[in-house]
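Read through the structure below, which is laid out as C-alpha cells, and then see the notes.
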Amino acid sequence: LDPYLGIAKCLQSKGDYGPAIRYLKQALGLNQFQRDVLLDLAKSYLEIGSLEPAMIYYRRVLKLEPTHLDAQFGLAMVLDLNQQDEEAIALYQQMIQQHPDFLPSYNNLASLYMRNGQFSKAESMFRYLIHQSPAFVRGHLGLALT
C-alpha cells in the first residue's frame with residue numbers, strides 16, 4: 001500500500017493527477033476502506049474537474065468518519081460547484097456546528113446564501129466571519145458584494 005501512496009503523493013505534488021489517480025486506485029484495491037486513499041482520490045478528481053467521482057469518494061470517506069472536516073468541506077464544495085445548493089447549504093451548516101472554528105465554512109455558506117438571493121443571511125454570516133477574523137479578506141469582499 002505504502003509504495004502506491006508514495007508515488008501518488010509525488011505525482012499529486014507535481015500536478016499529475018491522472019497518473020496519481022491510477023496509483024491511488026491500485027492502493028484502494030489493496031484496502032478499500034483506507035480513508036486517506038479515498039480522500040486523496042476525491043481531491044485528485046476535484047482537481048481535474050471530475051465532480052461525480054470526487055463526490056463518490058468524499059461520501060465514502062464520510063461513511064467511515066462522518067465528521068471528517070476535509071471530506072465534509074470537499075463534498076460541500078463539489079455540491080456547490082454541481083449546483084446542488086440545498087445539500088451544500090445543509091452540509092456547511094453541519095460543519096459549522098461540528099467545527100465552529102473553521103472559518104471557510106462560514107464564507108462558503110454566506111456565498112451560497114448570496115447566490116440564492118438570501119442577502120440578509122449572507123450579510124449576517126459575513127459580518128460574523130469578519131468579527132471572528134478581521135484579517136479574513138474574503139469575508140470583507142463577500143460583505144461588500146452582498
Side-chain angles (χ1 to χ4, degrees), residues 1-2 5-21 23-25 27-28 31-146:
L1 186 67
D2 288 339
L5 289 174
I7 293 169
K9 289 284 188 189
C10 287
L11 290 166
Q12 286 174 315
S13 71
K14 295 168 71 176
D16 294 334
Y17 295 102
I21 288 170
Y23 281 99
L24 288 166
K25 283 188 172 184
L28 195 59
N31 182 349
Q32 62 180 323
F33 301 107
Q34 180 69 26
R35 186 196 71 202
D36 293 337
V37 174
L38 294 167
L39 188 60
D40 280 346
L41 270 167
K43 289 178 179 180
S44 292
Y45 275 116
L46 180 58
E47 285 292 331
I48 63 171
S50 294
L51 301 182
E52 290 301 319
M55 196 179 311
I56 289 167
Y57 287 110
Y58 279 128
R59 288 186 194 281
R60 286 183 63 186
V61 172
L62 292 172
K63 280 187 179 181
L64 296 172
E65 189 177 333
T67 61
H68 191 281
L69 179 60
D70 285 343
Q72 286 177 319
F73 192 69
L75 178 58
M77 287 191 313
V78 170
L79 292 166
D80 188 354
L81 289 169
N82 212 27
Q83 307 263 323
Q84 294 175 305
D85 293 352
E86 288 182 28
E87 192 175 353
I89 287 170
L91 189 52
Y92 282 126
Q93 290 171 335
Q94 178 184 342
M95 287 186 333
I96 287 169
Q97 293 295 316
Q98 294 169 345
H99 312 282
D101 295 333
F102 186 66
L103 299 181
S105 298
Y106 296 89
N107 183 72
N108 289 12
L109 178 58
S111 295
L112 266 171
Y113 284 149
M114 186 172 59
R115 186 171 79 208
N116 285 290
Q118 299 175 0
F119 298 110
S120 62
K121 284 184 178 182
E123 179 184 354
S124 71
M125 188 71 57
F126 282 126
R127 287 190 186 282
Y128 177 80
L129 179 59
I130 292 167
H131 176 74
Q132 291 301 109
S133 179
F136 199 88
V137 175
R138 289 183 295 168
H140 292 280
L141 177 61
L143 181 59
L145 291 171
T146 302

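- Residue-environment remark: CD (E86) stays at or below the threshold of 12 foreign heavy atoms within 6.0 Å.
- When only modelled atom types and interatomic distance are considered, D101 and Q132 share no side-chain donor-acceptor pair under 3.5 Å.
- Side-chain contact between L38 and K63 is absent, with no heavy-atom pair separated by less than 4.5 Å.
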Fill in: Evaluation steps, side-chain contact (heavy atoms from CB on, under 4.5 Å), between E52 and N82
CA-CA 9 Å; E52 290 301 319; N82 212 27; 3.3 Å; yes
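- Judged by distance alone, the side chain of R60 and the main-chain N or O of Q32 form a donor-acceptor pair under 3.5 Å.
- Crowding of Y23 atom OH: a count of heavy atoms from other residues, nucleotides or ligands under 6.0 Å not exceeding 12.
- Of all heavy-atom pairs spanning L1 and A27, the tightest one is CD1-O, 3.2 Å.
- Taken to the nearest 0.5 Å, the CG atom of L51 stands 11.0 Å off from the CG atom of L75.
- Of all heavy-atom pairs between H68 and L39, the closest is CE1-CD2, 3.5 Å.
- Looking at Y92 and F73, their side chains come closer than 4.5 Å, going by heavy atoms from C-beta outward.
- Taking 4.5 Å as the limit, some side-chain heavy atom of L112 sits within range of a side-chain heavy atom of D80.
- Distance check: M125 CE to N107 CG gives 10.5 Å after rounding to the nearest 0.5 Å.
- A side-chain donor from one of N116 and D85 sits under 3.5 Å from a side-chain acceptor of the other.
- Screening residues 35-51 for side chain to side chain donor-acceptor pair (under 3.5 Å) gives K9-D40, Q12-S44, K25-Y45, R35-E65 as the qualifying pairs, with residues at least two apart or on separate chains.
- Atom-to-atom distance recorded for L129:CG and R138:CZ is 8.5 Å, nearest 0.5 angstrom.
- Rounded to the nearest 0.5 Å, atoms CG (L46) and CG (L41) are 12.5 Å apart.
- The CG atom of L91 sits 11.5 Å away from atom CD of Q84, with the distance rounded to the nearest 0.5 Å.
- The OG atom of S124 lies 10.5 Å from the CG atom of L143; values are rounded to the nearest 0.5 Å.
- Between the Y113 side chain and the S120 main chain, no donor and acceptor come within less than 3.5 Å of each other.
- Across all their heavy atoms, A122 and A110 have their closest contact at CB-O, 3.4 Å.
- Residues Y57 and L24 are not in side-chain contact: their nearest non-hydrogen atoms beyond the backbone lie 4.5 Å or more apart.
- Scanning all heavy atoms of the two residues, the minimum distance from A42 to A54 falls at O-CB, 3.5 Å.
- In terms of heavy-atom proximity, T146 sits nearest to F119 at CG2-O, 3.6 Å.
- In this structure a side-chain-to-backbone donor-acceptor pair under 3.5 Å is missing from S133 to I130.
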